[in-house]
Amino acid sequence: MPVITLPDGSRKPFDHAVTVADIAASIGTGLARAALAGKVNDKLVDLSFTVEHDAAIAIITDKDAAGLEVIRHSTAHLLAHAVKSLFPTAQVTIGPVIEDGFYYDFAFTRPFTPDDLTHIEAKMAELAKQDIPVSRSTLSRDEAIRYFRDIGETYKAEIIEAIPAGETLSLYTQADFTDLCRGPHVPTTGKLAKAFKLTRLAGAYWRGDSRNEMLQRIYGTAWADKKSLDAYLTRLEEAEKRDHRKIGKALDLFHFQEEAPGMVFWHADGWAIYQTIKKYISQRVSADGYEEIVTPQLVDLSLWKKSGHWDMFSNEMFTVEADDRQFALKPMNCPCHVQVFKDTLHSYRDLPVRYAEFGCVHRNEMSGAMHGLMRVRQLTQDDGHIFCMENQIQAEAGRFIRTLSDVYRDFGFNDLVVRLATRPEKRLGSDAIWDNAEKALADALTGEGVPFELLPGEGAFYGPKIEFHLRDSIGRQWQCGTLQIDYSQPDRLGAYYIAEDSSKQVPVMLHRAITGSLERFIGILLEHYAGKLPLWLAPTQLVIMNITDRASSFTSEIASLCKKNGIRVKSDLRNEKIGYKIRQHTLQCVPLMAVVGDREVETRSVSLRTRDGEDKGSLTLDQLLALINTAIAQKGRVAETSVSA
RNA sequence: GCCGACGUAGCUCAGCCGGUAGAGCAACUGAUUCGUAAUCAGUAGGUCGGGUGUUCGAUUCACCCCGUCGGCACCA
């Protein structure tokens, strides 16, 4: 005689065992219709689940996040069902829910084509319309293996073989299609008829291992209703519009070409952004007690062998032969920084020694890994290495974290996700050293009031690290900053300092970067701002345009005044209508536009507007300069609608 | 690197079944001097990513290479 407690606290006694569907029906026909699954004592179950004892029950509909997951998961099954009915020899593998949708991996003799995708989607719609009941059954592990082997689903059988013997597995069947699945699923395929779409085809390795054969993955998306689907598709389009590769082309910032894959050709405007960032970081780092240095691009292979890079990463290093010697383009700056450290004898009193370098590094990334500015073969890191004693780690970490958060705010990133990656299984150094290092980083974070999550086992083999991920304006996370503790490299490369007792001691080295790669960081900025960089970063900060030739000499006068004041200004004296000029510069994302006509010449003023169409009114030249300088000084710490946005 | 798609004028793209190419924007020239997101007219612009092959003939078909895109794997 179960007594059911509903989420609102009300209790419903039943005089017999009931299914979740029955309970939904007892509450209301509307709810019964909307019900997709249930939650019994916080465990997700099918509507057909029978409740025999007292329990807390919630009915899951498409209004719940869990309901949406059920829809997506069931839509993945619907996809597999459709594929099997169109291509009976295709084998099913796995089909999980992912962010905003789902995918399903198939093994099939020929590649699926975009045309197939259309047919599959149509078949899915047809199967959904048929409102086929989805039923759950169970088999023992061994029976399940036999079952899937018998129907020729060898991948499924292999999956089940990995499950411990003696477990009972659930199967879901809709018409002639049966799949292994934990569930829960929608009660009938009709619940899926509202809003799904297959989005793309891709290859994916079986079990995610590149040594295995490649399967064919079909991605799809599914939503509670058509409106949400459309909203999602619009969101994708919007994201595409802010693609830094498109913006880079449209704003003439940089380009790539075949002869130099993965290497950037910076155009004048892109380089203006780059230099602004570089100057800014340089100044920040110097204020923080770093010495800025530059080390060679080409270094004899012997150094990379000594540092260990050759063993680990030789396949990603470019090599050059000259004078019968083998050189490698540096893939990292750290071994060179150790050389600079070693070139002077250091006392413990000198520590910490901090070196910074805008280190241009080359990495022969695999061809398929390249992606605009985000993943290139030649990049510049805002790299830095701190040589210190163990008891200085925490203070140095704290100092770095403070600077990093502040720098991110200047760039307009206020949402930081911090992760601490701790000791991996394969590692160098004693547990005591790891204990100390991990604690130093954790304490530094806590000391700075920075919340963080742990990534157990994700640290580098030579030490733990902090990853700083920033979240952009459309919610995506990017790892940029990093702080790593390295006990091994200074030792390998023979770095030491003289300790208080005159003994030689190996310093600890901290690797750290704020933007990570300048190229990538600019890509992130472009997408974050959709090209509308804040005033301090904009390649052209102000365009001054005349209305008629009568105003052209005053326009030029203002332009040179601005230039003298360090403002990146352009004048547009073309014989075009003012509306046309404004449109063009707006599309070029120029933050500020000053219009000069007869009225302005008369009063020696400008009429100022922003690229967002905000009218700043009439300003004297002094007011104009003051407004611009104030906005530049604010950097990225302003709302999008204000002047510098 | 792997799977798939794509590569046509500066940009965005069209070009069915093989007969050496088109549009819009940009550019250039001329007219227009016009007050806050597109003035009008004209002109010019392409060994159709590279190579090989099939063919009387290839942007179109086949194969190879390069690059890009979407994923996978990788990301010191």
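So you know, we letter chains A, B, ... as the sequences are listed, proteins then strands, and number each from 1. Every heavy atom of this structure was used, including side-chain atoms; hydrogens, water molecules and symmetry mates were not.
Using a 4.0 Å heavy-atom cutoff across all strands shown, A:Thr113 reaches no nucleic acid atom at all. Counting any heavy atom pair closer than 4.0 Å across all strands shown, A:Gly372 reaches sugar-phosphate atoms only and no base atom.
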Protein-to-nucleotide contact annotation, 5' to 3' order, nucleotides 25-33 of chain B [B base; S sugar-phosphate only; - none; under 4.0 Å, heavy atom]: -S-----BB
Mark up nucleotides 71-76 of chain B, 5' to 3', with B wherever a protein heavy atom is under 4.0 angstrom from a base atom, S wherever such an atom reaches only the sugar-phosphate, and - elsewhere. BBBBBB
I'd like to know whether A:Trp223 forms a side-chain hydrogen bond (donor to acceptor under 3.5 Å, both in side chains) with A:Thr221, so could you lay out the CA-CA distance, the side-chain angles of the two residues, the decisive distance to 0.1 Å, and finally the verdict. CA-CA 7 Å; A:Trp223 298 84; A:Thr221 187; 2.8 Å; yes
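When the C1' atom is compared between B:G15 and B:A21, the two are found 8 Å apart, to the nearest whole Å. On the C1' atoms, B:C66 is 30 Å away from B:C25, given to the nearest whole Å. Taking atom C1' in both B:G10 and B:G46, one finds a spacing of 12 Å when rounded to whole Å. A gap of 16 Å separates the C1' atoms of B:C48 and B:C61, to the nearest Å.
Legend: residues meeting side-chain contact (heavy atoms from CB on, under 4.5 Å) with A:Asp491, ordered by chain and number and at least two apart, are A:Val506. With sequence neighbours left out, the side-chain contact (heavy atoms from CB on, under 4.5 Å) criterion links A:Arg583 to A:Leu587.
Salt bridge absent: A:Arg609 and A:Glu614 never bring a charged side-chain N and a carboxylate O closer than 4.0 Å. Here A:Glu238 pairs with A:Lys241 in a salt bridge; the nearest charged N to carboxylate O distance falls below 4.0 Å.
For the segment residues 242-251 of chain A, residues with any heavy atom less than 4.0 angstrom from an atom of RNA chain B are, sorted by number, A:Arg245, A:Lys249.
The only option from A:Lys532, A:Arg520, A:Arg242, A:Arg476 that meets the salt bridge (Lys or Arg N to Asp or Glu O under 4.0 Å) definition with A:Glu527 turns out to be A:Arg476. The side chain to side chain donor-acceptor pair (under 3.5 Å) test with A:Glu365 singles out one residue from A:Arg375, A:Arg377, A:Gln378, and that residue is A:Arg375.
The distance from atom CD of A:Glu240 to atom P of B:U68 is 18 Å, rounded to the nearest whole Å. Across the protein-nucleic acid pair, A:Leu215 atom CG and B:C2 atom C1' stand 12 Å apart, rounded to whole Å. Note: NE2 (A:His585) to P (B:A38) measures 14 Å, nearest angstrom.
Annotation for A:Glu99: atom CD does not count as buried by contact number, only 12 or fewer foreign heavy atoms lying within 6.0 Å.
OP1 or OP2 of B:C2 has not a single side-chain nitrogen or oxygen of A:Arg211 nearer than 4.0 Å.
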Any chance you could encode RNA chain B as dot-bracket? Rule is Watson-Crick or G-U wobble with both distances under 3.5 Å; [ ] for pairs crossing earlier ones, | for another strand. (((((((..((((.....[..)))).(((((.......))))).....(((((..]....))))))))))))....
